[in-house]
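Just below is one structure, and these are the notes that go with it.
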Number of protein chains: 2
Amino acid sequence: MLSKKTKYGIKALTYLAGLHDREPVQIAEIAKHENISQKFLESILLTLRRNGFLGSKKGKGGGYYLIKEPHDIPMTAIMRILEGPIAMVPCVSLNFYEKCDDCPDETTCPVHNLMLKVRDSALKIYRNTTLADLLYKDT
Amino acid sequence: MLSKKTKYGIKALTYLAGLHDREPVQIAEIAKHENISQKFLESILLTLRRNGFLGSKKGKGGGYYLIKEPHDIPMTAIMRILEGPIAMVPCVSLNFYEKCDDCPDETTCPVHNLMLKVRDSALKIYRNTTLADLLYKDT
DNA sequence: TTACTACCCTATAGTTTTAGTAGATTTTTA
DNA sequence: TAAAAATCTACTAAAACTATAGGGTAGTAA
């Protein structure tokens with residue numbers, strides 16, 4: 001299951017990407033527009049800023065704004081920051097690899113091999129989708 | 001993330017499918033062979049039995065055994081029983097559909113459309129993979 | 001009848017998720 | 001300089017979920 005953190009984060013990023021300019025947008029505006037708890041969103045935007053997706057400005061006229069171009073932000077990056085591993089099992093994760101406690105041999109593990117396929121197919125989609133792609137409703 | 005429940009369930013099913021006959025196998029034997037907490041496995045096998053995957057026999061020489069042929073058990077069925085929805089968001093789930101609280105319109109929701117693709121790709125794999133396929137190490 | 005084994009119910013420690021509360025800090029404006 | 005506007009930070013907490021353990025029941029075979 002996708003966490004609300006990730007869901008809200010994607011929605012917020014998409015909202016920012018859909019605006020005409022890159023002027024700062026207040027948390028409150030995003031939260032209201034996307035029906036998100038403002039305080040929760042606050043922490044999400046903060047981690048997005050810390051990871052180089054967003055810039056921020058304090059004081060009047062302040063807020064958050066996109067730092068990169070939407071078509072330069074692949075979903076892989078967003079997912080890994082907000083959701084964590086894309087793989088469903090740590091032993092098939094590229095960026096969050098971890099060995100299983102059970103499982104003497106990964107190469108013969110049925111779960112491992114199945115989840116490897118699932119990861120690859122998801123990865124393919126996330127890699128080929130950028131924030132800009134999310135703006136166009138159809139397809 | 002895949003729950004250990006699902007992981008253990010798949011391993012147990014694969015173990016049973018790999019045996020020559022369909023004689024009852026004790027929980028303890030499966031648990032030991034797959035390094036699984038016996039008590040936890042107990043409840044997993046129970047739900048697999050209740051959902052028509054396994055048969056059981058009590059008393060001496062008792063245990064669990066496969067009821068169907070491995071190539072007649074698609075991964076979709078196993079996943080849905082043990083893990084729940086295959087979709088990462090309820091609003092794109094075929095069997096566990098639920099509307100989002102936020103989100104006025106699904107068709108324009110960026111998360112919805114992205115997760116629809118992810119679900120489809122995962123579904124394709126699970127549908128085309130049966131328990132029998134998990135037995136063969138390579139591919 | 002005795003040993004064996006699945007069945008069933010309950011409890012619980014631990015973790016993760018999803019926030020809420022309270023205030024500090026920085027910037028702009030009057 | 002003071003007030004207002006906004007982000008930033010830390011702490012807390014309820015709720016849900018996960019993984020497991022314990023102990024008793026009931027059916028089956030020798």
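Quantities reported herein were computed from a predicted structural model and do not represent experimental measurements.
- For the pair A/Met1 CE and D/dT18 C1', the interatomic distance rounds to 16 Å; values are reported in whole Å.
- Distance A/Leu2 CG to C/dT16 P: 17 Å, rounded to the nearest Å.
- Residues passing the side chain to side chain contact (heavy atoms under 4.5 Å, CB included) test with B/Pro70, sequence neighbours excluded: B/Ala17, B/Arg22, B/Leu66, B/Leu131, B/Ala132.
- Legend: ring pair (Phe, Tyr, Trp, His ring centres under 6.0 Å) pairs involving residues 2-37 of chain B, not counting sequence neighbours, sorted by first then second residue: B/Tyr8-B/Phe40, B/Tyr15-B/His33.
- Considering only side-chain N and O atoms, B/Ser37 lies under 4.0 angstrom from the phosphate OP1 or OP2 of D/dA21.
- Applying the salt bridge (charged side-chain N to carboxylate O under 4.0 Å, His left out) test to every pair with at least one member in residues 103-112 of chain A, sequence neighbours left out, gives no pairs at all.
- Residues that satisfy the salt bridge (Lys or Arg N to Asp or Glu O under 4.0 Å) test with B/Lys124, not counting sequence neighbours, are absent from this structure.
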Donor-acceptor contacts under 3.5 Å from residues 46-58 of chain A side chains, at least two apart:
residue	atom	partner	partner atom	Å
A/Thr47	OG1	A/Ile44	O	3.0
A/Asn51	ND2	A/Thr47	O	2.7

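- For the contact set between residues 83-91 of chain B and DNA chain C, defined by any heavy atom under 4.0 Å, there are no members.
- For the salt bridge (Lys or Arg N to Asp or Glu O under 4.0 Å) test, no residue two or more places apart in sequence or in another chain qualifies with B/Glu83.
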Polar atom pairs between nucleotides 22-28 of chain C and protein, under 3.5 Å, N or O only, would you list them?
residue	atom	partner	partner atom	Å
C/dA22	N6	A/Lys39	NZ	2.7
C/dT26	O4'	A/Lys58	NZ	3.2

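- Between the CG atom of B/Leu45 and the P atom of C/dC8 there is a distance of 13 Å, given to the nearest Å.
- Rounded to whole Å, atom P of D/dT7 lies 14 Å from atom CG of A/Leu48.
- At the phosphate of C/dT5, neither OP1 nor OP2 sits under 4.0 Å from any side-chain N or O atom of B/Arg49.
- Scanning for side chain to side chain contact (heavy atoms under 4.5 Å, CB included) contacts around B/Ala28 gives B/Gln38, with sequence neighbours left out.
- Taking atom CG of residue B/Leu41 and atom C1' of nucleotide C/dT5, one finds them 14 Å apart after rounding to whole Å.
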Can you check salt bridge (Lys or Arg N to Asp or Glu O under 4.0 Å) on B/Glu29 and B/Lys32, steps first, answer last?
CA-CA 5 Å; B/Glu29 180 183 329; B/Lys32 192 176 175 187; over 6 Å; no
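- Annotation: proximity of residues 4-28 of chain A to DNA chain C (heavy atom, distance under 4.0 Å) is found for A/Lys4, A/Lys5, A/Tyr8, numbered in ascending order.
- Remark: B/Thr76 pairs with B/Pro74, B/Arg80, B/Ile86, B/Leu123, B/Tyr126, B/Arg127 by the side chain to side chain contact (heavy atoms under 4.5 Å, CB included) rule, at least two apart or across chains.
- A distance of 9.0 Å separates CG in B/Asp133 from CG in B/Asn128, rounded to the nearest 0.5 Å.
- The shortest distance between the side-chain N/O atoms of A/Arg50 and the OP1/OP2 oxygens of D/dT9 is below 4.0 Å.
- Distance CZ (A/Phe40) to C1' (D/dA13): 14 Å, rounded to an integer number of Å.
- What separates CG of A/Leu54 from P of D/dA6 is a distance of 17 Å, to the nearest Å.
- Between the P atom of C/dT17 and the CD1 atom of A/Ile44 lies a distance of 12 Å, rounded to the nearest Å.
- Considering only residues two or more places apart in sequence or on other chains, B/Asp102 meets the salt bridge (Lys or Arg N to Asp or Glu O under 4.0 Å) condition with A/Lys7, A/Lys11.
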